[in-house]
Amino acid sequence: MTTLVELTRDGEVAVILVDNPPVNALSHAVRSGLLQNLKAAQEDAGIEAVVIACKGRTFIAGADITEFGKPFQPPGLLEVIAFMDEMSKPIVAAIHGTALGGGLEVALGAHWRVAAESARLGLPEVKLGILPGAGGTQRLPRLVGAEEALKMIVSGDPIAAPKALQLGLVDEISKGDIVADGVAFARKILAEGRPIQRVRDRADKLAFDEKAFKEAAGNLTKRARGLEAPMACVTSVHNALTMPFDEGIGAERDLFMKLVAGDQSKAQRHVFFAEREALKVPDMPATTKARDVAKAAVIGGGTMGGGIAMCFANVGVPVTLIETNDEALQRGLGIIAGNYRATAAKGGLAPEQAEKRIGLIKGAVGLDAAADADLVIEAVFENMDLKKQIFADLDRIAKPGAVLATNTSTLDVDEIARATSRPADVVGMHFFSPANVMKLLETVRGRATSHEALKTAVETGRRIGKTGVISGVCFGFIGNRMLGRRTVEAERVILEGALPQEVDQAIVEFGFPMGPFAMGDLAGLDVGWRVRQGTGAKAEIADQLYELGRHGQKTGKGYFLYEDGSRVPRPDPEVEAMILASSKRLGIERRAISKQEIIERMVYPMINEGARILDEGIAMRPGDIDITWVYGYGWPVWRGGPMFYADQVGLTQIADRLAHYAETVGDETLTPAPLLVRLANEGKGFGSLAARG
Ligand code: CAA
């Protein structure tokens, strides 16, 4: 018998304990261990009831995702749970930590559920591009009703134990030892002689209203454009409400098999693991400890600085927001307070919570206020001289051991670090706007950055709820350096024959929430202009727009028109005329450009730059680039990120097309990068590369 699952006796109650660290995933050994022990308990005349529980930090957190896509080894989870249904002895699931996916399905196969007060329960499969495949879509609606089940399964978000109790998903909350309370609950069942409650036999919550169901499903899938799994979840929950149990299970199985073998789920599983991998630094000693961040300071009270300060207040860390004068400071603090109160007014936050967070952000004029901060984040505008001056001052002011971070989105972190006498404490923390909303945090590791300072920045990111990646120093780091390639190509394509709305349309159809031109308008065309001033680069159309005062959404005009404060871009005949005139002046004969060409021209140069970024060791792994694009730039998660997508398309194809464009456009930066060519020649993909430290 396997040691990952053990049966111990507590008198007449058998405790089946899973012990498969770190998250008790249902690997093949766990599934077979569970089945064997359940059979043993069923056969043992001395056992009257069974408790299923877990050792370590959590109840079963789901199927072992690493087994997906590999040859199936019986028993499957459906078989284990079907056996639980057949058992004549009551089964109690004793849940602590997180009961997720297959873990919750095991709990649903039990006859009763006891959960620790802090436990969370959910079916997050949709986030991996699949649906619960071991009866979850059929059993959950039978316990909590159509509406709640639909919400949990289509969103994939877990719920807390007290809510689960209220919904009928759990039968009792435990405030003490979860295993002991599970056993006590089993004894209570036995003493009361309660008949076994099989979830599959329940029908009392299956009544539903077709119209309300459709409406709820529509609302829940509104933001799921392009994704297959959410719709499959809806179909399967609907089946639970309309089909006999076994038929519903069969249909769920079919949907699961189709999704798990599909490209979308492969991409989403890649993102799941890449996200966890991205924060690992191969050359960092395991003993490295992050420094304690009890107090933070943010320099610059603009949109960026304010958003960053909110990130800290949101997790209860006091933060000082520093400005150069009182007027700017009051404006910054006012906007923050307004944001929190607006969220509270919309019901997104309890009013007292909003006030507490506002109270955690103290304002100050002058850098001296950074003296007691453990972490200082500079968020002033992109000007090297200004940043160097601030870091030289911080060097005098900040306490020893404070981590000094810059939020620069492009500039040389090493040069900024050299303005101090403590470059080992300097790191980049590149937030994305709005900083309190966007998930990505690009941590920039300078040449001199110490392991401790790096770890402090990475751990801080995790603490404030960001998805992190680590980048080396180069102009624009991982994300903006690749974006720069797309921006250049987008300008070219409109001069060659496409219109901004056609380019944006193709990119939106590819799966991005918006195209490059609408994105430029949102960020502000003055931002790119300022960057070009620093680098000496030119952009034919963007420069003209800037000079006309068309700075994007904030001025009501950019590449598109935004009338009466609308955020919906409308094509502007004036801009079209400007583009046509520019093509003519440059002697470019405009031609029709297909959607396929637009995608290739926007995406392949980014992949090419990604290959260079990998070759230079700026990104440690291709997955880090994928995480940057999925969480920072709206790359569709179901396409797994640019480097994963490149592997799907095939590197030979990409190298061929790049070579073609390098020649036809006459730009040698489009020539396939050496790493891309090498991998293509070897018949390999980026996924074959090992991490670099
Ligand atoms: N399978 C395999 N490995 C898993 C895993 C799983 N289901 N869940 C987590 N891991 C691994 C992680 O990759 C990570 O590995 P490394 O340490 O090597 O990087 C390790 O376990 C710890 O995970 P986290 O860093 O995420 O730990 P955490 O404490 O922050 O979070 C968690 C724990 C909430 C359980 C989180 O890991 C999580 O959400 N896991 C996925 C849960 C899930 O999606 N379950 C459904 C699976 S699909 C399914 O069950 C299908 C079905 O119907 C049968």
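Residues: numbered from 1 along the sequence shown. In listed order, ligands and their atoms are each counted from 1. Values in this document were obtained by computation on a predicted structure and should not be read as measured data.
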How far is [atom] from the closest protein heavy atom, and which atom is that?
atom: atom 11 (C) of ligand 1; value: Pro22 CG, 4.5 Å
atom: atom 4 (C) of ligand 1; value: Val23 CG2, 4.0 Å
atom: atom 28 (P) of ligand 1; value: Arg57 NH2, 3.4 Å
atom: atom 48 (S) of ligand 1; value: Glu125 CG, 3.8 Å
atom: atom 35 (C) of ligand 1; value: Ala61 CB, 3.4 Å
atom: atom 1 (N) of ligand 1; value: Ile65 N, 2.9 Å
atom: atom 12 (C) of ligand 1; value: Arg276 CD, 3.7 Å

Any chance [atom1] of [X] has more than 12 other-residue heavy atoms, nucleotides or ligands included, within less than 6.0 Å?
X: Glu147; atom1: CD; value: no
X: Arg225; atom1: CZ; value: yes
X: Lys205; atom1: NZ; value: yes

- Query: Between Thr58 and ligand 1, which residue portion shows a heavy-atom distance shorter than 4.0 Å: side chain, backbone, both, or neither?
  - Reply: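 None of Thr58 does.
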- Which is it for Lys280 and ligand 1 at heavy atoms under 4.0 Å: side chain, backbone, both or neither?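 Answer for Lys280: side chain.
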Atom indices of ligand 1 within 4.0 angstrom of [X] heavy atoms, with elements:
X: Leu128; value: 44 (O), 47 (C), 48 (S)
X: Pro132; value: 53 (O)
X: Phe273; value: 13 (O)

- Item | Arg31 side chain vs Leu26 backbone, donor-acceptor pair below 3.5 Å | yes
- Query: Counting only N and O atoms by type, is there a donor-acceptor contact under 3.5 Å from the side chain of His28 to the main-chain atoms of Pro74?
  - Reply: yes
When you compare the side chains of [X] and [Y], does any donor N or O come within less than 3.5 Å of an acceptor on the partner?
X: Arg269; Y: Ser265; value: yes
X: Gln42; Y: Ser88; value: yes
X: Glu252; Y: Thr137; value: yes

- Message: The criterion is side-chain contact (heavy atoms from CB on, under 4.5 Å); which residues satisfy it with Ala25, sequence neighbours excluded?
- Response: Val23, Asp64
Contact check: [X] vs ligand 1, nitrogen or oxygen atoms, below 3.5 angstrom:
X: Leu100; value: no
X: Thr66; value: no
X: Ala63; value: yes
X: Gly133; value: yes
X: Glu105; value: yes
X: Gly102; value: yes

- Task: Run down the list Gly135, Gly101, Pro124 and name the one with the heavy atom closest to atom 44 (O) of ligand 1.
- Result: Pro124
- Shortest reach to atom 40 (N) of ligand 1 by a heavy atom, considering only Phe272, Phe256, Phe68: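 Of the listed residues, Phe272 has the closest heavy atom.
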- What orientation do Trp635 and Phe512 show, parallel under 30°, tilted 30 to 60°, or perpendicular over 60°?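 Plane angle over 60°, so perpendicular.
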- Any non-hydrogen protein atom below 4.0 Å of atom 32 (C) of ligand 1?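 It does not; no protein heavy atom is within 4.0 Å.
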- Heavy atom of protein closer than 4.0 angstrom to atom 21 (O) of ligand 1: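 It does: a protein heavy atom is found less than 4.0 Å away from atom 21 (O) of ligand 1.
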- Message: Is the terminal nitrogen or CZ of Arg639 (NZ for Lys, CZ for Arg) located under 6.0 angstrom from the six-membered ring centre of Phe644 and within 45° of that ring's axis?
- Response: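 The answer is no; the distance or angle limit is not met.
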Yes or no: does [X] have any heavy atom under 4.0 Å from an atom of ligand 1?
X: Asp64; answer: yes
X: Lys127; answer: no
X: Arg120; answer: no

- Would His270 and Phe272 satisfy ring-ring contact (aromatic ring centres under 6.0 Å, His included), going step by step from the backbone distance to the final call? CA-CA 5 Å; His270 161 74; Phe272 176 87; over 10 Å; no
- Item | Results of side-chain hydrogen bond (donor to acceptor under 3.5 Å, both in side chains) for His238 - residues two or more places apart only |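 Expected list: Glu210.
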- Message: Taking the ring centre of each residue, are Phe432 and Tyr633 less than 6.0 Å apart?
- Response: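 Yes; Tyr633 has its ring centre under 6.0 Å from that of Phe432.
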- Query: What about the rings of Tyr645 and Phe510, do their centers lie closer together than 6.0 Å?
  - Reply: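 So the answer is yes for these two rings.
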